[in-house]
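Notes follow once the structure below has been shown.
Computed from heavy atoms alone, side chains included, the values below leave out hydrogens, waters and symmetry copies. None of the values given here were measured: they were computed from a predicted structure. Chain letters run A, B, ... following the sequence lines, proteins first and then strands; every chain starts at 1.
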Amino acid sequence: MNPFKPLIEPMLTAFPGLEAGDISFTTPPKLDLGDVAIPMFIPGRKLSKAPQVLAAEAAQQTIFGKQVRSAAAAGPYLNLKLDRAFFAKTIVEAILQEGDAFGSNHTGLGKRALIEHTSINPNASPHVGRARCAMIGDSISRLFRFEDYHVEVHYYVNDMGRQIGLLVLIADELEGMTFDQVLDAYVRANARAEQDPEFAAQGYELLAKMEEGDPDAQKKFGAVVDLCLQGQLAVLARIGAHYDVFDHESKYVKDPRLDHVLEALREKEAVFVDEEQRLVVDLAKLGHAQEEGRYFVLMRANGSSMYGYRDLAYTMDKEAIHADINLIALGEDHKLYFQQLAMILEAAGHKVPEPIYYSYILLKDGKMSTRQGNVVLLTDFLDEAIRRAAERVAEQCNDLTPEEQRVIAERVAIAAVRFAVLRVGSNKNVSFDMDAALSFEGDTGPYIQYSCARINSILRKYGQPLPMAPRQNFPIETDAEWALLTKLAAFPDVVSGALRQRTCAPIAVYVLEVSRSFTSFYHDCPVLTAGRPELVESRLLTCQAALQTLKNALYLLGIEVPERM
RNA sequence: GCGCCUGUAGCUCAGGUGGAUAGAGCAUCGGCCUUCUAAGCCGGUGGCCGCUGGUUCGAGUCCAGCCAGGCGCGCCA
């Protein structure tokens, strides 16, 4: 939606050399300069005129009609003061009409999008670093769904490998291991393998059996993996992450398609057996420029396959779905690995997924490592968040039942966590600070929810159904109303920008701006006690439009809108 | 050592495709609850945008070099 479309035509009439695409709109730094600004850089280049000169000419020569009160040049900008009521009405009308779809540009109609994310090793309860991947991946899948893509979320279950083998050994000794004991068992298994070569060898042995299809080994692996996976999914569900398809790594051990990849590599003389009898790819033959990361091992000397070998098959499997968009969210530590994988598959004529990398959440004393047990578990983090939120809710909503309070506290906590993670760019390391992450004041998820609760409160108190569309007269009396509505109108552009950049961070920034803008409106503009019925109505509809926009944007972030808080 | 990512206010972060006086929150200082929720609002203090050069009418944004942090670099996944 571009509410300022009616301003384009008069410009084109005044300057025949221009096309509609040359005219763009921005908000002036201060509203007393104008309600909307048209930058003259691009039109100036097109007409070979200095933007300052063109702006001055445009202010003189363009005949805008009665929707424009005044036009003034300010340097390279043409600032317009508008008949605000006219444009405000267009904006509110569009938002209410589009409802839950407002903001979507519907670019995914009839298209498929596949995204793989999270795919944690089944060895322990997820820590907040892994949860970052889940939240980023989940939000991107929501973004594509919102754009009308048919979205399929895949989860790769790493049910093979030495690590799991060691865990199976420990589980055997433990008997009746529960999910809560897994992390501890996993840490112990790794520590023991480092000190006890025999134990480590047993792990490899078990792994080899598993790969050969030994039924007993498969049963043991299956039991441990399933215990972990179900436990992990339950925790991930708490933050709203869900998956459509689970692909098990063990399915890709002896995939016939790998022969054809090997064949392609042989043709390029890029694969060889090294002096230790491993099957290795020489990526230099495929165009890899550096010595570092030149070799990629496919199989061990004993003939068992490496993770990457199976991943080749899995990646081809996803390619076979022929999705229009094929994404994978990966930790930055997988960057080189994925480039190597891509190089091999491309050499064999395959298309590879588009990676989305995220950096780590660091603790004060360094990186989180499941293997070392140096972690903040998502589940503990959420419990603490809920505990803090519950304290606040108990003060503020003491007229509600404990059950109602519990639901609110949970939503507030999840909003705090998801927002804190999603608002920062995914290629940035974040240092984890419990207190900062769980603050409910300022630029936070709960702040946004709070503004929604206030809107809901106004609508509840009004107590009657709102008209579906603004009436003829839509008075705008303050800058606050105008600023809010133009901010709302920007949502579709924010969505398309986020989609293009494959990140929901701009949505988080936007939702904060809308909330701030609404709260200023809330303080400046009484709604129910505005006086004139038409003003009450226009402001009610403004509230409704703001709520609809916030709701749609918060859906993308996986944050729920509370009725009150 | 080589490659990729990051460096913006005391702290945590925004700042597509170069454009108006570099923006928020926290912290700090000062105002605002007989009026729709103070998890709030309004205002003040606080910036060699890591450093040095270059391109440009114009650089936080583009290029080069350097400095600092993160990640990675052959039988982990």
Completion exercise
A correct dot-bracket answer for RNA chain B, with pairs being Watson-Crick or G-U at under 3.5 Å, [ ] for crossing pairs and | for inter-strand pairs, is (((((((..((((.....[...)))).(((((.......))))).....(((((..]....))))))))))))....

Handout entry: Of A:Thr26 and A:Lys461, the one whose closest RNA chain B nucleotide lies more 5'
Key = A:Thr26

Exercise for the section: Side-chain contact test, heavy atoms from C-beta onward, threshold under 4.5 Å: evaluate it for A:Leu547 versus A:Val561 and give yes or no. Expected result: yes

Exercise for the section: Could you identify which residues of residues 38-55 of chain A place a heavy atom less than 4.0 Å from some atom of RNA chain B, listed by residue number, or say none? Expected result: A:Phe41, A:Arg45

Problem - NZ/NE/NH1/NH2 to OD/OE distance under 4.0 Å, A:Arg392 and A:Glu441 - result: yes

Handout entry: Nearest listed nucleotide, side chain of A:Leu336, among B:rC73, B:rC41, B:rA77
Key = B:rC73

Completion exercise
With syn defined as a glycosidic angle within 90 degrees of 0 and anti as anything else, the base of B:rG16 is syn

Practice task
For B:rU61 and B:rG16, measure between their P atoms and round to the nearest Å.
Solution key: 12 Å

Problem - Syn/anti state of B:rC33 by chi, 90° boundary around 0 - result: syn

Handout entry: A:His154 and A:Asp247 side chains, donor-acceptor separation under 3.5 Å
Key = yes

Handout entry: Under 5.5 Å and under 30°: A:Tyr450 stacked on B:rA39
Key = no

Handout entry: Aromatic ring of A:Tyr77 stacked on base six-ring of B:rA20, 5.5 Å, 30°
Key = yes

Exercise for the section: Give A:Thr519 one of three labels, base, sugar-phosphate or nothing, depending on what nucleic acid heavy atoms sit under 4.0 Å from its own. Expected result: sugar-phosphate

Exercise for the section: Check whether the side chains of A:Asn302 and A:Tyr204 place a donor and an acceptor atom closer than 3.5 Å, and report yes or no. Expected result: no

Problem - Pairwise P distance for B:rG19 and B:rA59, with rounding to whole Å - result: 11 Å

Practice task
Could you tell me if the ring centre of A:Tyr314 sits under 6.0 Å from that of A:Tyr309?
Solution key: no

Fill in the blank from the handout: Counting primed atoms, P, OP1 and OP2 as sugar-phosphate and everything else as base, the B/S/- map of nucleotides 6-17 of chain B against protein heavy atoms under 4.0 Å is SS-----SS---

